Amino acid sequence: MAAPESGDGNNGAARMVTLISSDNTRFEVEAAAASLSQTLQLTILDGGGGGGDGIPLPNVDSATLSKVLEYCIKHAPAAANGGAPNATAVDRAELERFDNEFVNIDQSVLYSLIMAAHNLEIEGLQSLVAKKVADMIKGKSPMEIRRTLGFPDPTPEEQAEMNAHMLEYGWAYE
Amino acid sequence: MLAALTDDLLQEIFIRIATPADLDRASATCASFRRLITDPSFLRRYHSRHPPLLIGLVSLGLYIVEEPHPNAAAARSLAGAADFSFRFVSHLERSHRHLPLDVCDGRVLLQCICDRCQWCRVVCDPLSRRYLVLPPVDLDLLPDGLRVSVKVRGSPIETLLVPSGDCEKKSIRVIAWMQSDIEAALLLYSSVTGRWSFGTSTTWDALGLKVPPEGSQLMFPCYAYGCFYWKVKSSNKWLKFNVNTMEFSTLGYPPDQDARNVLIVEAGQDCARIYLPSGLMDSAFLT
């Protein structure tokens with residue numbers, strides 16, 4: 001993923017864009033960070049989002065957008081280096097530490113992030129949050145998975161189906 | 001809340017579940033998870049992202065990979081947890097003589113060698129110590145000539161496990177093939193029905209193959225992407241069996257390779273590839 005050209009000839013100062021959350025909060029952020037979003041990248045390349053205009057994001061509330069931008073700002077430098085092939089081990093370890101801490105959050109926030117990462121098409125964030133949920137499932141029984149993911153308690157039919165599955169495929173439950 | 005995610009987003013989560021056992025438990029969570037996880041195109045993606053680990057060789061016992069192979073630690077822990085003596089197969093208790101014929105998806109196909117059995121095959125999972133004794137092949141399913149050949153002349157019945165591939169791993173499928181100097185036939189066992197069923201049969205003439213009248217004509221079975229391949233003795237062709245369409249066909253060797261022993265392997269992107277054991281990769285791709 002290439003960073004957008006800063007074609008405004010404005011050397012020195014990074015180009016900024018404004019994003020507007022669903023509850024009308026304005027966020028000013030470097031174009032390079034916002035461009036981690038495939039959805040925003042085209043608009044930004046077309047010169048949108050600058051000045052007083054701002055890009056409205058009707059599906060993302062301010063709490064979620066602020067979290068999303070925290071991720072983008074942290075990851076933008078590495079992404080600008082084309083996935084940072086020349087990043088040092090220290091840089092990579094730091095990003096990893098950041099990522100681990102970043103997804104250490106409430107499930108409702110995680111859910112909002114999954115939706116936002118999907119709508120904004122931020123590949124790295126999509127992957128990060130999906131992996132987090134996958135890890136939450138790890139080593140749990142079907143019933144524990146249901147509780148973890150916020151399912152209602154199973155109906156008698158569902159319970160019977162789960163029992164049948166366990167009998168049939170017993171070796172996954174040892 | 002997370003339960004409300006769309007199918008696409010749920011599959012992006014499932015694809016990142018690290019172990020098949022976890023994936024299996026997730027599929028038991030509810031009907032919609034099961035539908036998404038057992039979807040063949042999802043399983044194809046999952047398997048290509050989580051390829052099986054090479055752990056070792058199964059022969060008369062398990063020979064595990066050793067350092068510096070990266071799987072050595074996994075292999076040791078598997079060897080500690082699994083029972084490759086197959087003593088848990090009570091069917092084998094009296095004789096303890098058995099021959100592993102095939103290994104795939106963590107299962108071993110054993111041939112029982114004892115005086116009591118004329119023909120006996122057992123599929124077992126050395127890790128969970130579960131096993132399934134296959135019923136005898138139903139010879140009435142065979143064409144007349146071949147049935148006589150098997151019954152009277154004792155033509156061998158050969159068997160292999162069908163890799164699960166895109167299918168849900170849990171059902172066990174086994175093929176059995178028999179041949180005479182005129183024809184060949186293939187039967188399929190599925191643990192879903194618990195029975196052998198007719199797969200297909202063909203005469204060598206119909207495939208344009210000239211085979212010598214004696215002995216086994218089909219050698220070096222290989223499997224790639226839903227098809228079995230056998231080298232046909234004294235010819236420059238493979239016999240190919242497509243498990244999905246249940247059809248036999250033939251496939252010519254790449255030019256100038258007829259004198260060599262060659263294998264067909266899966267090479268990614270749904271391309272079967274011809275592998276030359278001399279270490280050279282052939283450029284020919286088969287689809």
Side-chain angles (χ1 to χ4, degrees), chain A residues 64 103 105-119 121-155 157-174, chain B residues 1-38 42 45-46 49-50 78 81-83 88 105-107 123-132 164 168-172 191-192 194:
Chain A
T64 309
V103 289
I105 44 178
D106 276 0
Q107 214 180 100
S108 60
V109 185
L110 189 59
Y111 176 82
S112 305
L113 273 182
I114 291 173
M115 298 310 292
H118 175 68
N119 289 330
E121 293 176 66
I122 304 170
E123 209 183 315
L125 184 57
Q126 282 176 291
S127 182
L128 177 65
V129 287
K131 181 77 174 69
K132 169 69 181 178
V133 183
D135 289 345
M136 285 160 56
I137 289 172
K138 196 173 168 179
K140 291 196 167 75
S141 71
M143 196 59 172
E144 289 166 338
I145 294 172
R146 287 185 70 103
R147 292 200 183 110
T148 304
L149 300 188
F151 279 90
D153 281 343
T155 62
E157 290 82 22
E158 284 175 318
Q159 186 64 56
E161 247 183 84
M162 285 163 71
N163 293 347
H165 188 101
M166 278 176 71
L167 274 181
E168 195 175 350
Y169 307 138
W171 59 58
Y173 302 92
E174 286 156 8
Chain B
M1 198 71 163
L2 289 169
L5 291 169
T6 61
D7 289 358
D8 283 357
L9 292 173
L10 284 171
Q11 284 193 334
E12 286 309 304
I13 291 166
F14 297 148
I15 198 98
R16 290 173 170 81
I17 291 179
T19 72
D22 279 321
L23 188 67
D24 188 57
R25 282 188 288 260
S27 81
T29 304
C30 66
S32 67
F33 279 22
R34 181 153 50 251
R35 176 177 52 77
L36 291 171
I37 289 171
T38 57
F42 171 77
R45 272 182 72 206
Y46 186 84
R49 199 172 159 135
H50 303 270
L78 175 84
D83 180 358
F88 58 89
D105 300 325
R107 300 189 183 115
V123 180
C124 38
D125 180 331
L127 203 54
S128 68
R129 295 166 171 75
R130 289 156 63 101
Y131 66 94
L132 175 72
S164 61
E168 205 180 348
K169 217 170 195 167
K170 307 308 168 189
S171 82
I172 294 167
S191 62
V192 174

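No experiment lies behind these values; they were computed from the predicted model shown. Residue numbers begin at 1 in each chain, while the letters A, B, ... track the order of the sequences.
Summarising the geometry, atom CD belonging to A:E161 is positioned 4.5 Å from atom CZ belonging to B:R34; distances are rounded to the nearest 0.5 Å.
Heavy-atom distances place the side chain of B:L9, and not its backbone, under 4.5 Å from chain A. Residue A:M143 does not touch chain B at all, counting heavy-atom pairs closer than 4.5 Å. Using a 4.5 Å cut-off between heavy atoms, A:K132 makes no contact with chain B at all.
Residue A:I114 forms a side chain to side chain contact (heavy atoms under 4.5 Å, CB included) with just one option from B:L10, B:T6, B:L5, and that option is B:L5.
Nearest heavy-atom pair across B:R25 and A:P142 is O-CG, 3.6 Å. Between A:I137 and B:A26, the shortest heavy-atom contact is CG2-CB, 4.3 Å. Scanning both residues, A:S127 and B:R16, for their nearest heavy atoms gives OG-NH2, 3.3 Å.
Take B:Y131 and apply the side chain to side chain donor-acceptor pair (under 3.5 Å) test, not counting sequence neighbours, and it matches B:S90.
Interface remark: of the candidates A:M136, A:K140, A:E158, A:K140 forms the most heavy-atom pairs closer than 4.5 Å to chain B.
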